[in-house]
Amino acid sequence: MKLFVSESVCGGAWRSGERPLSLLREGLAMLQGFVTDAVSAGCRITTTWDQRLGVPESLERTGVQIIPINDLRQEQELFSEQCRQADAVCIIAPELNHELLQRVRLARTLNPQVWNCTEAAIELCGDKWAFFRHCQLHQLPTIPTYLTDDLACERMTWPRVLKLRLGAGSQSMQLVASSATWKQSLATFDSTRVETAAIVQPFIRG
């Protein structure tokens, strides 16, 4: 089986600005872990790689066919081409600005065999607030979660955790120790857009 595995952060699909080191590490770890298992199961793997990063020896040793990427436009063209040519496709991407959802949705228009969960599941799990409410509805124990304009936040103890409602890789996460810095920390998030809004949770050690 010919399998196209696309990891967006390392694979050349990062759109602008500096890539956070945590996302690079996590993207490579997921890509390497997946392709190692898939190769051992007999799959022939193709993936793309941003050539500015330098291909790690650990990935080269897996025997994966690696296509070097020079820029975003080339990645977009090769993404479509490889999706069409493969027997099956697997997409790895951070849940930032609906990146995973959009790439899976596009891949499914190009190949009927996409080894990701449904778009509905990705959309639900990528939104921490929506997923919290889903857990509550189904009586699944989870960490109390609030929107920043919820009056219940006033009754929360310190410290508190602020994080992006649609975030990945701990991007923009803050531990707020007391009321002295609370408003300042809230101001670093833009609550007018769901992509930049924050949620609040109590800090739980471990």
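These values consider heavy atoms only, across backbone and side chains, with no hydrogens, waters or symmetry-generated copies. Predicted, not measured: the structure shown is a model, and the values here were computed from it.
- If you check the side chains of Thr188 and Gln174, you find a donor sitting under 3.5 Å from an acceptor.
- In this structure, the side chain of Asp190 does not engage the main chain of Ala197 through any donor-acceptor pair within 3.5 Å.
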### Task
Quick one: do Lys128 and Thr145 satisfy side-chain contact (heavy atoms from CB on, under 4.5 Å)? Show the steps, please.
CA-CA 8 Å; Lys128 299 179 183 69; Thr145 301; 5.6 Å; no
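- Of the possible polar contacts, none joining the Glu18 side chain to the Pro20 backbone as a donor-acceptor pair under 3.5 Å is found.
- At a threshold of 4.5 Å between side-chain heavy atoms, the hydrophobic network of Ile, Leu, Val, Met, Phe, Trp and Tyr places Val35 and Leu53 in one connected group.
- Here the side chain of Asn97 pairs no donor or acceptor atom with the backbone of Glu99 at under 3.5 angstrom.
- Note that the OG atom of Ser8 and the CG atom of Leu96 stand 8.5 Å from one another [nearest 0.5 Å].
- Glu77 is listed as a side-chain neighbour of Arg73, based on a closest heavy-atom distance under 4.5 Å.
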### Task
Could you give me the CA-CA distance, side-chain angles and deciding distance for Glu123 and Asp127, then say whether side-chain contact (heavy atoms from CB on, under 4.5 Å) is met?
CA-CA 7 Å; Glu123 194 164 19; Asp127 183 336; over 6 Å; no
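- Among the candidates Ile199, Ile143, Leu175, the single residue satisfying the side-chain contact (heavy atoms from CB on, under 4.5 Å) test with Val161 is Leu175.
- Between Phe189 and Thr148, every side-chain heavy-atom pair lies at or beyond the 4.5 Å cut-off.
- For the pair Lys163 (side chain) and Gln171 (backbone), a donor-acceptor distance under 3.5 Å is absent.
- Side-chain heavy atoms closer than 4.5 Å link hydrophobic residues (I, L, V, M, F, W, Y) into clusters, and following such links, even through other members, never connects Leu101 to Ile92.
- By the 4.5 Å heavy-atom criterion applied to side chains, Pro202 and Pro144 are counted as neighbours.
- Between Phe131 and His134, the ring-plane angle classifies as parallel under the 30° and 60° cut-offs.
- Contact annotation: the side chain of Ile66 approaches that of Glu60 to within less than 4.5 Å [non-hydrogen atoms, C-beta and beyond].
- Note that CH2 of Trp14 and CG of Asp50 are 12.0 Å apart. Values are rounded to the nearest 0.5 Å.
- For the pair Leu3 and Phe34, the minimum side-chain heavy-atom distance is below 4.5 Å.
- Across Ile45 and Ala38, no two heavy atoms sit closer than the pair CD1-CB, 3.6 Å.
- Within the 4.5 Å cutoff, the side chain of Val89 has no heavy atoms near those of the Trp115 side chain.
- At least one donor-acceptor pair under 3.5 Å links the side chain of Arg19 to the backbone N or O of Val9.
- Interatomic distance, CG of Leu24 versus SG of Cys10, reported as 5.0 Å (0.5 Å rounding).
- Between the Asn116 side chain and the Cys90 main chain, no donor and acceptor come within less than 3.5 Å of each other.
- The minimum heavy-atom distance linking Pro94 with Ala168 is given by the pair CB-CB, 3.9 Å.
- Both tests do not hold together for Arg160 against Phe203: distance to the six-membered ring centre under 6.0 Å, angle to the ring axis within 45°.
- Counting heavy atoms from C-beta outward, Glu7 and Met30 have side chains that stay 4.5 Å or more apart.
- Taking each heavy atom of Thr142 and Cys135 in turn, the nearest pair found is CG2-CB, 3.9 Å.
- For the atom pair Gln201 CD and Phe132 CZ, the distance stands at 8.5 Å (nearest 0.5 Å).
- In this structure, Ser6 contributes its side chain and Ile91 its backbone to no donor-acceptor pair below 3.5 Å.
- A distance-only check finds no donor-acceptor pair linking the side chain of Asp150 to the backbone of Cys153 [under 3.5 Å].
- The line from OG1 of Thr36 to CG of Leu59 is 8.0 Å long, rounded to the nearest 0.5 Å.
- The closest donor-acceptor contact from the side chain of Thr47 to the backbone of Val5 lies under 3.5 Å.
- Contact record, Ser185 with Leu162: CB-CD1, 3.7 Å, taken as the closest heavy-atom pair.
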### Message
side-chain contact (heavy atoms from CB on, under 4.5 Å), that's the test. Do Arg165 and Leu147 meet it? Break it down for me.
### Response
CA-CA 9 Å; Arg165 175 174 171 174; Leu147 297 177; 4.2 Å; yes
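- Taking 4.5 Å as the limit, every side-chain heavy atom of Arg133 sits out of range of all side-chain heavy atoms of Leu137.
- Hydrophobic clustering, with ILVMFWY side chains joined whenever heavy atoms are under 4.5 angstrom apart, keeps Ile122 apart from Leu124.
- When only modelled atom types and interatomic distance are considered, Asp87 and Gln113 share no side-chain donor-acceptor pair under 3.5 Å.
- Side-chain atoms of Thr118 come within 3.5 Å of backbone atoms of Ala121 as a donor-acceptor pair (strictly under, hydrogens ignored).
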### Task
For the pair Thr46 and Val64, evaluate side-chain contact (heavy atoms from CB on, under 4.5 Å) and give the outcome as yes or no after the intermediate values.
CA-CA 6 Å; Thr46 301; Val64 174; 5.9 Å; no
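- At a threshold of 4.5 Å between side-chain heavy atoms, the hydrophobic network of Ile, Leu, Val, Met, Phe, Trp and Tyr places Leu164 and Trp182 in one connected group.
- For Thr48 and Glu75, the side-chain atoms include no donor-acceptor pair closer than 3.5 Å.
- From Phe79, atom CZ reaches atom CG of Leu110 across 7.0 Å, with rounding to the nearest 0.5 Å.
- Contact detail for Ser58 and Gln32: the closest heavy-atom pair is OG-OE1, 2.7 Å.
- Residue Val39 is grouped with residue Trp49 when hydrophobic side chains (ILVMFWY) are merged at heavy-atom distances under 4.5 angstrom, including chains of intermediate members.
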